[in-house]
Engineer: 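Take this structure first; my questions come after.
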Amino acid sequence: MAAKIFMDMPGGLKMPAIGLGTWQATDEAELESALDAALEIGYRHIDTAFVYQNEAVIGRVLQKWFKFGKLNREDLFITTKLPMPGIHQDRVEMFMKKSLENLQLDYVDLYLIHFAVGTKYVENQARPSPDSLQTVPTDHVAIWKKMEEQVDAGRTKTIGLSNFNVKQIDRILKSARIKPACLQVELHVYLQQRELVNFCHQNGIVVVAYSPLGSPGYNKFIAQFGKEARKLPDMLHDETIKKIATKHKKSNAQVMLRYLLQRSIVAIPKSVTPARLKENIDVFDFSLDAEDMKALDNLEVGEQARVCDFKVFPGLLDHPEFPFSK
Ligand SMILES: NC(=O)c1ccc[n+]([C@@H]2O[C@H](COP(=O)([O-])OP(=O)(O)OC[C@H]3O[C@@H](n4cnc5c(N)ncnc54)[C@H](OP(=O)(O)O)[C@@H]3O)[C@@H](O)[C@H]2O)c1
């Protein structure tokens with residue numbers, strides 16, 4: 001069964017079907033060595049966000065690679081995201097410029113609205129804290145016009161959405177001059193997002209799966225907010241996946257990623273561990289057959305398996321644009 005190595009984007013741009021996730025990769029030395037290892041192995045697609053607070057490290061490592069002539073800017077596909085305090089028509093350009101400055105780049109390949117709800121902007125605050133989090137009215141159509149201006153200004157090649165639902169994407173499609181090129185959402189074997197994926201594919205929108213391995217590091221993230229660890233869906237030890245993995249002499253992670261590729265979905269697994277970086281991109285030399293795909297389809301749990309539910313930010317749940325079911 002086919003799995004594309006690149007996904008076609010507007011303007012002839014090609015998004016590598018496996019990218020490197022970098023959320024929670026903030027230790028400078030660890031991230032630098034992970035990026036060096038990833039680029040050596042062949043990763044050419046990096047996913048970051050203003051809120052991850054690691055754009056500057058990524059920028060520094062990329063400059064090093066450019067300086068030594070090991071890579072050219074055009075070899076890479078770089079995605080970053082408009083943070084929640086920037087999700088307002090008055091703040092898109094400012095945050096876009098901040099990200100470019102951090103990344104030491106003239107342009108990114110893809111700029112995403114990180115979430116469907118904006119929060120209050122407090123100067124010099126990099127990320128919303130539970131205490132200060134206050135949502136603001138969020139006018140997607142007005143914000144999208146500002147996103148389009150970033151393409152016009154050459155600051156990004158394409159623009160897209162993250163954590164938007166069908167209704168919200170449809171509303172933007174109806175007024176857009178430049179269509180969203182991509183939707184990035186949580187997507188894995190237990191949360192298959194079929195309606196959303198079909199809608200995007202019918203509208204020529206590339207779907208990128210975040211937390212494709214089920215985000216096993218998520219509890220570390222919520223601990224910062226004083227939240228207790230949650231029981232997370234554990235696909236890395238799922239017996240059905242294990243059986244398929246054994247049959248193909250691959251790991252559970254590789255089967256989970258390959259499953260997404262065969263559904264024409266891009267995956268951006270995060271790792272700072274060289275052996276795992278290698279494992280996660282080594283998914284182009286085997287195919288899942290129809291029986292494997294069916295068994296994996298049947299593992300769908302749905303909404304209950306969502307890991308990144310954004311419920312650590314209680315103010316969001318009551319906002320009219322909160323994109324997930326409560
Ligand atoms: N748009 C959004 O709102 C949003 C939300 C969440 C994530 N994302 C993006 O999507 C990326 C991926 O999602 P994620 O970080 O939530 O979760 P993930 O990629 O599903 O899982 C990452 C975790 O799995 C571990 N891991 C990686 N490869 C493994 C393997 N082969 N075997 C066993 N464990 C493995 C990593 O550990 P080590 O690093 O220690 O190896 C890390 O703890 C993020 O990094 C970010 O770029 C976007």
Side-chain angles (χ1 to χ4, degrees), residues 18-27 30-31 33-35 37-38 41 43 45-55 58 77-84 87 110-117 127-128 160-165 182-191 193 196 207-223 229-230 232-238 241-242 245 250-260 265-283 305-313 316 322-324:
I18 292 288
L20 176 66
T22 65
W23 179 39
Q24 298 192 72
T26 42
D27 180 283
E30 186 179 61
L31 177 56
S33 64
L35 285 166
I41 294 164
Y43 282 81
H45 170 182
I46 299 171
D47 182 80
T48 181
F50 182 83
V51 77
Y52 299 168
Q53 297 183 289
N54 59 17
E55 289 174 321
I58 296 171
F77 191 104
I78 309 291
T79 301
T80 194
K81 313 183 190 91
L82 179 68
M84 286 160 70
I87 300 174
L110 175 62
Y111 196 50
L112 299 174
I113 303 180
H114 203 142
F115 196 75
V117 177
R127 57 197 309 165
L161 305 166
S162 180
N163 299 301
F164 276 58
N165 61 31
C182 169
L183 175 72
Q184 186 182 119
V185 283
E186 178 171 341
L187 213 171
H188 42 69
V189 176
Y190 287 179
L191 178 63
Q193 305 265 31
L196 200 48
V207 178
V208 172
Y210 78 63
S211 307
L213 305 177
S215 204
Y218 184 77
N219 279 328
K220 223 160 94 192
F221 166 71
I222 59 171
R230 262 170 53 197
L232 303 175
D234 183 8
M235 287 157 272
L236 291 167
H237 299 97
D238 181 290
I241 304 175
K242 182 87 221 142
K250 290 282 176 181
S251 67
N252 274 31
Q254 289 170 317
V255 167
M256 288 157 67
L257 296 171
R258 180 74 199 186
Y259 172 71
L260 297 173
I265 294 165
V266 172
I268 48 169
K270 174 261 175 183
S271 182
V272 288
T273 314
R276 289 175 173 170
L277 288 167
K278 213 162 174 196
E279 180 182 333
N280 296 344
I281 204 167
D282 181 20
V283 289
R306 188 186 291 280
V307 177
C308 300
D309 58 10
F310 286 76
K311 286 182 182 162
V312 285
F313 306 125
L316 292 184
F322 184 72
F324 315 137

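All ligand and atom numbering here is 1-based and tracks the order in the structure. Note that the structure is predicted; figures quoted are calculated from it, not measured.
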Engineer: Find out whether L183 and S162 are in side-chain contact, i.e. whether some heavy atom of one side chain is under 4.5 Å from a heavy atom of the other.
Structural biologist: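 Not touching, per the 4.5 Å side-chain cut-off.
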Engineer: Heavy atoms only: which of E30, E186, R276 is nearest to atom 29 (C) of ligand 1?
Structural biologist: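 Minimum heavy-atom distance to atom 29 (C) of ligand 1 goes to R276.
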Engineer: Show me which atoms of ligand 1 lie under 4.0 Å from any heavy atom of L236.
Structural biologist: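 This gives 33 (C), 34 (N) as the contact atoms.
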Engineer: Run the numbers for me: atoms of ligand 1, each under 4.0 Å from some heavy atom of Q184, listed by number.
Structural biologist: 1 (N), 2 (C), 4 (C), 8 (N), 9 (C), 48 (C)
Engineer: Do the rings of F324 and F322 sit parallel, tilted or perpendicular, given the 30° and 60° boundaries?
Structural biologist: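 Judged by the thresholds at 30° and 60°, the geometry between F324 and F322 is perpendicular.
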Engineer: Only heavy atoms of T273, strictly under 4.0 Å: list the atoms of ligand 1 that pass.
Structural biologist: 38 (P), 40 (O), 41 (O)
Engineer: Is a side-chain N or O of D47 found less than 3.5 angstrom from the main chain of L20, in a donor-acceptor match?
Structural biologist: no
Engineer: Looking only at heavy atoms, which two atoms of M256 and I241 are closest? And how far apart?
Structural biologist: CG-CD1, 4.0 Å
Engineer: In the protein, what heavy atom is nearest to atom 39 (O) of ligand 1, and what distance, to one decimal place, separates them?
Structural biologist: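 Ranked first by proximity to atom 39 (O) of ligand 1 is K270 NZ, 2.8 Å.
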Engineer: Is there side-chain contact between I87 and I113, with at least one heavy-atom pair below 4.5 Å?
Structural biologist: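 A side-chain contact exists here, since the closest heavy-atom pair is under 4.5 Å.
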Engineer: List the steps, then state whether side chain to side chain contact (heavy atoms under 4.5 Å, CB included) holds for V208 with I265.
Structural biologist: CA-CA 6 Å; V208 172; I265 294 165; over 6 Å; no
Engineer: Which atoms from ligand 1 have a heavy atom of Y52 less than 4.0 Å away?
Structural biologist: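 Counting from 1, the qualifying ligand atoms are 4 (C), 8 (N), 9 (C), 46 (C), 47 (O), 48 (C).
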Engineer: Using side-chain heavy atoms (C-beta onward) and a distance below 4.5 Å, is Q184 in contact with N163?
Structural biologist: no
Engineer: Within a distance under 4.0 Å of any heavy atom of G217, pick out the atoms of ligand 1 and give their elements.
Structural biologist: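 Once the distances to G217 are compared, the set is 43 (O).
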Engineer: Can you tell me how far SG of C182 sits from CG of L112, rounded to the nearest 0.5 angstrom?
Structural biologist: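 The CG atom of L112 sits 5.0 Å away from the SG atom of C182.
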Engineer: Suppose I only count heavy atoms of N163 and a 4.0 Å limit; which atoms of ligand 1 are within that range?
Structural biologist: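 Reading through ligand 1 atom by atom, the close ones are 1 (N), 2 (C), 3 (O).
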Engineer: Taking T273 for the side chain and A275 for the main chain, is one N or O donor matched with an acceptor at less than 3.5 Å?
Structural biologist: no
Engineer: Taking the six-membered ring for Trp, is the centroid-to-centroid distance between F221 and W23 below 6.0 Å?
Structural biologist: yes
Engineer: Taking the side chain as every heavy atom from C-beta outward, state whether T80 and E55 have any atom pair closer than 4.5 Å.
Structural biologist: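 Result yes, sub-4.5 Å side-chain heavy-atom pair found.
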Engineer: At what distance is the nearest protein heavy atom to atom 21 (O) of ligand 1, and which residue and atom is it?
Structural biologist: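 Atom 21 (O) of ligand 1 sits closest to the protein heavy atom P216 CD, 3.4 Å.
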Engineer: With heavy atoms under 4.0 Å as the rule, classify the contact between S215 and ligand 1 as side chain, backbone, both or neither.
Structural biologist: both
Engineer: Shortest non-hydrogen contact from H188 to P212?
Structural biologist: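 Shortest heavy-atom separation between H188 and P212 comes out as CB-O, 3.5 Å.
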Engineer: Specify side chain, backbone, both or neither for V185, according to which of its non-hydrogen atoms lie closer than 4.0 Å to ligand 1.
Structural biologist: neither
Engineer: Taking both backbone and side-chain atoms of L213, is any N or O found less than 3.5 Å from an N or O belonging to ligand 1?
Structural biologist: yes
Engineer: Under a 4.0 Å heavy-atom limit, does N280 contact ligand 1 with its side chain, its backbone, both, or neither?
Structural biologist: side chain
Engineer: Does L35 reach the side chain of Y43, with side-chain heavy atoms less than 4.5 Å apart?
Structural biologist: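 In short, these two side chains do not touch, never coming nearer than 4.5 Å.
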Engineer: At a non-hydrogen distance cut-off of under 4.0 Å, which region of F310 contacts ligand 1 (side chain, backbone, both, or neither)?
Structural biologist: side chain
Engineer: Under 4.0 Å, counting heavy atoms only: does F115 come that close to any atom of ligand 1?
Structural biologist: no
Engineer: Below 3.5 angstrom, do we get any N/O pair linking V272 and ligand 1?
Structural biologist: yes
Engineer: Using a 4.0 Å cutoff against the non-hydrogen atoms of I268, which atoms of ligand 1 qualify?
Structural biologist: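 Close to I268: 9 (C), 10 (O), 11 (C), 12 (C).
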Engineer: Check whether any N or O atom of C308, backbone or side chain, sits under 3.5 Å from an N or O atom of ligand 1, and answer yes or no.
Structural biologist: no
Engineer: Closest approach of E186 and C308, non-hydrogen atoms and distance?
Structural biologist: OE1-N, 2.7 Å
Engineer: Quick one: does ligand 1 sit under 4.0 Å from the side chain of A253, the backbone, both or neither, non-hydrogen atoms only?
Structural biologist: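 Near ligand 1, A253 shows its side chain, while the N, CA, C and O stay back.
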Engineer: Does an N or O anywhere in K81 fall below 3.5 Å from an N or O of ligand 1?
Structural biologist: no
Engineer: When you measure from the heavy atoms of Y218 to every atom of ligand 1, does any distance fall below 4.0 Å?
Structural biologist: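 Heavy atoms of Y218 never come under 4.0 Å of ligand 1.
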Engineer: Output yes when D282 and R276 qualify as a salt bridge under the 4.0 Å nitrogen-oxygen rule, no when they do not.
Structural biologist: no
Engineer: In terms of atom number and element, which parts of ligand 1 are under 4.0 angstrom from non-hydrogen atoms of E279?
Structural biologist: 31 (N)
Engineer: Please report which non-hydrogen protein atom sits nearest to atom 45 (O) of ligand 1, along with the residue it belongs to and the distance in Å to one decimal place.
Structural biologist: W23 N, 2.9 Å
Engineer: Mind checking whether S215 and L232 have side chains closer than 4.5 Å, heavy atoms only?
Structural biologist: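 Contact flag for S215/L232 side chains = no.
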Engineer: How does P212 reach ligand 1, if at all, at less than 4.0 Å between non-hydrogen atoms: by side chain, backbone, both, or neither?
Structural biologist: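 It is both backbone and side chain that touch ligand 1.
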Engineer: When you measure from atom 47 (O) of ligand 1 to every protein heavy atom, which one gives the shortest distance, and what is it?
Structural biologist: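 Here the closest protein heavy atom is D47 OD2, 2.6 Å.
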Engineer: What residue and heavy atom of the protein are closest to atom 13 (O) of ligand 1, and at what distance?
Structural biologist: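 Of the protein heavy atoms, S211 N, 3.0 Å lies nearest.
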Engineer: To which protein heavy atom is atom 2 (C) of ligand 1 closest, and what is the distance rounded to 0.1 Å?
Structural biologist: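 Atom 2 (C) of ligand 1 sits closest to the protein heavy atom Y210 CE2, 3.2 Å.
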